[in-house]
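In what follows, a single structure is set out as structure tokens and then discussed.
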Amino acid sequence: MTLEDVRDVFDEIRGPVVTSSDVSDRLGCTTEAARQKLTRLYDRGEVDKRKTGRTVIYWRAGEEDARADAVEPAAETPADATNAESGRTRDESDDLAEEVRQYLEETDTPPKTEHGRSAVLDVFRYLREHGTTKTGELQDEIYPEYTDEWGSARTMWNALDRYLGDVPGIAKGGYGEWTYTGDDAVREELGL
């Protein structure tokens with residue numbers, strides 16, 4: 001399955017938004033594989049996304065008007081336009097998340113499964129956008145994308161928790177919470 005195959009699904013599906021299940025059904029792959037490809041398109045700026053209920057919806061970047069007809073737009077958060085900590089645009093911010101992904105792969109930092117690394121990066125992105133967050137909220141936000149890989153949010157969290165401290169930008173906050181250390185700290189740790 002190529003990125004072009006995933007792009008074609010946007011033409012085949014009725015309506016302005018696509019889910020990982022739509023891609024999975026059309027291309028005969030797992031929802032995790034579909035989500036990874038959609039995340040790649042998002043990281044490249046080709047699609048946008050937002051979570052509505054327990055589902056993440058994707059739409060082609062620049063098709064805001066079509067998306068507005070399908071779902072009520074979410075209130076803008078600081079990360080929608082700029083990263084509150086750094087003042088950088090979302091495109092610059094997405095580049096940093098990709099740098100973290102490359103670091104994890106190059107240093108062979110666990111978890112070593114693709115879905116494990118993707119989930120860790122989702123935690124990174126969530127903390128970066130929302131700041132200090134309780135563990136339960138992180139589980140609630142991240143797990144719905146990984147129901148095929150882990151049987152419960154707790155099982156997923158048990159697989160990720162021990163590795164989060166090794167991810168640039170993620171630090172244990174107070175009891176039962178995690179925090180983002182800031183873009184500058186991440187760049188310094190990555191040597192950028």
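Worth knowing before you read on, the calculation uses all heavy atoms, side chains too, and leaves out hydrogens, waters and symmetry mates.
Looking only at side-chain heavy atoms (C-beta outward), Thr19 and Ile57 come within less than 4.5 Å of each other. The shortest side-chain heavy-atom distance between Arg128 and Leu96 falls under the 4.5 Å cut-off. Pro16 has its side chain out of reach of Trp59: every pair of non-hydrogen atoms, C-beta onward, lies at least 4.5 Å apart. The closest side-chain heavy-atom distance from Trp178 to Val123 is not below 4.5 Å.
Pairing each heavy atom of Ala61 with each of Gly45, the nearest pair is CB-O, 3.3 Å. Considering all non-hydrogen atoms of both residues, Gly169 and Glu189 come closest at N-OE1, 4.2 Å.
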After noting the C-alpha distance and the side-chain angles of Arg40 and Asp43, does the key distance pass the salt bridge (charged side-chain N to carboxylate O under 4.0 Å, His left out) rule?
CA-CA 5 Å; Arg40 251 196 219 133; Asp43 289 344; over 6 Å; no
Please report the C-alpha distance between Arg35 and Asp148 in whole Å, then the side-chain angles of each, then the deciding distance to 0.1 Å, and finally whether the salt bridge (charged side-chain N to carboxylate O under 4.0 Å, His left out) criterion is met.
CA-CA 11 Å; Arg35 190 195 63 73; Asp148 289 344; over 6 Å; no
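Centroid-to-centroid, the aromatic rings of Tyr126 and Tyr180 stay 6.0 Å apart or farther.
Take Thr109 and apply the side chain to side chain donor-acceptor pair (under 3.5 Å) test, not counting sequence neighbours, and it matches Thr107. With sequence neighbours left out, the side chain to side chain contact (heavy atoms under 4.5 Å, CB included) criterion links Arg101 to Glu98, Glu105, Glu114, Ser118, Leu121. When the side chain to side chain donor-acceptor pair (under 3.5 Å) test is applied to Asp108, the partners found at least two apart in sequence or on another chain are Lys112, Arg117. Shown here are the side chain to side chain contact (heavy atoms under 4.5 Å, CB included) partners of Glu106, two or more places apart in sequence or in another chain: Gln102.
The distance from atom CE of Met156 to atom CD1 of Ile142, rounded to the nearest 0.5 Å, is 6.5 Å.
Under the 3.5 Å distance criterion, the side-chain polar atoms of Ser24 are matched with a main-chain donor or acceptor of Cys29. Distance alone, capped at 3.5 Å, is enough to place a donor-acceptor pair between the Thr135 side chain and the Gly176 backbone. Asp25 places no side-chain N or O within donor-acceptor distance of the main-chain N or O of Asp22, the cut-off being under 3.5 Å. When atom types are taken as modelled, the side chain of Tyr103 and the backbone of Leu190 share no donor-acceptor pair closer than 3.5 angstrom. A donor-acceptor pair is defined here as one N or O able to donate and one able to accept, closer than 3.5 Å; no such pair exists between the side chain of Ser152 and the backbone of Trp150. Under a 3.5 Å cut-off, the side chain of Lys37 and the backbone N or O of Met1 do form a donor-acceptor pair.
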Scan the side chains in residues 3-11 for donor-acceptor partners under 3.5 Å anywhere in the protein, sequence neighbours excluded, and list what turns up.
{"residue": "Glu4", "atom": "OE1", "partner": "Arg7", "partner atom": "NH1", "Å": "2.8"}
{"residue": "Asp5", "atom": "OD2", "partner": "Thr2", "partner atom": "N", "Å": "2.9"}
{"residue": "Asp5", "atom": "OD2", "partner": "Thr2", "partner atom": "OG1", "Å": "3.2"}
{"residue": "Arg7", "atom": "NE", "partner": "Glu46", "partner atom": "OE1", "Å": "2.6"}
{"residue": "Arg7", "atom": "NH2", "partner": "Glu46", "partner atom": "OE1", "Å": "3.2"}
{"residue": "Arg7", "atom": "NH2", "partner": "Glu46", "partner atom": "OE2", "Å": "3.2"}
{"residue": "Asp11", "atom": "OD1", "partner": "Arg60", "partner atom": "NH1", "Å": "3.0"}
{"residue": "Asp11", "atom": "OD1", "partner": "Arg60", "partner atom": "NH2", "Å": "2.8"}
{"residue": "Asp11", "atom": "OD2", "partner": "Arg60", "partner atom": "NH2", "Å": "3.3"}

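Hydrophobic clustering (side-chain heavy atoms under 4.5 Å, transitive across Ile, Leu, Val, Met, Phe, Trp, Tyr) keeps Val186 apart from Tyr163.
Only one option out of Thr179, Leu138, Val167 pairs with Leu127 in a side chain to side chain contact (heavy atoms under 4.5 Å, CB included); it is Leu138.
Within the structure, salt bridge (charged side-chain N to carboxylate O under 4.0 Å, His left out) contacts touching residues 159-179 (residues at least two apart or in different chains) are Lys134-Glu177.
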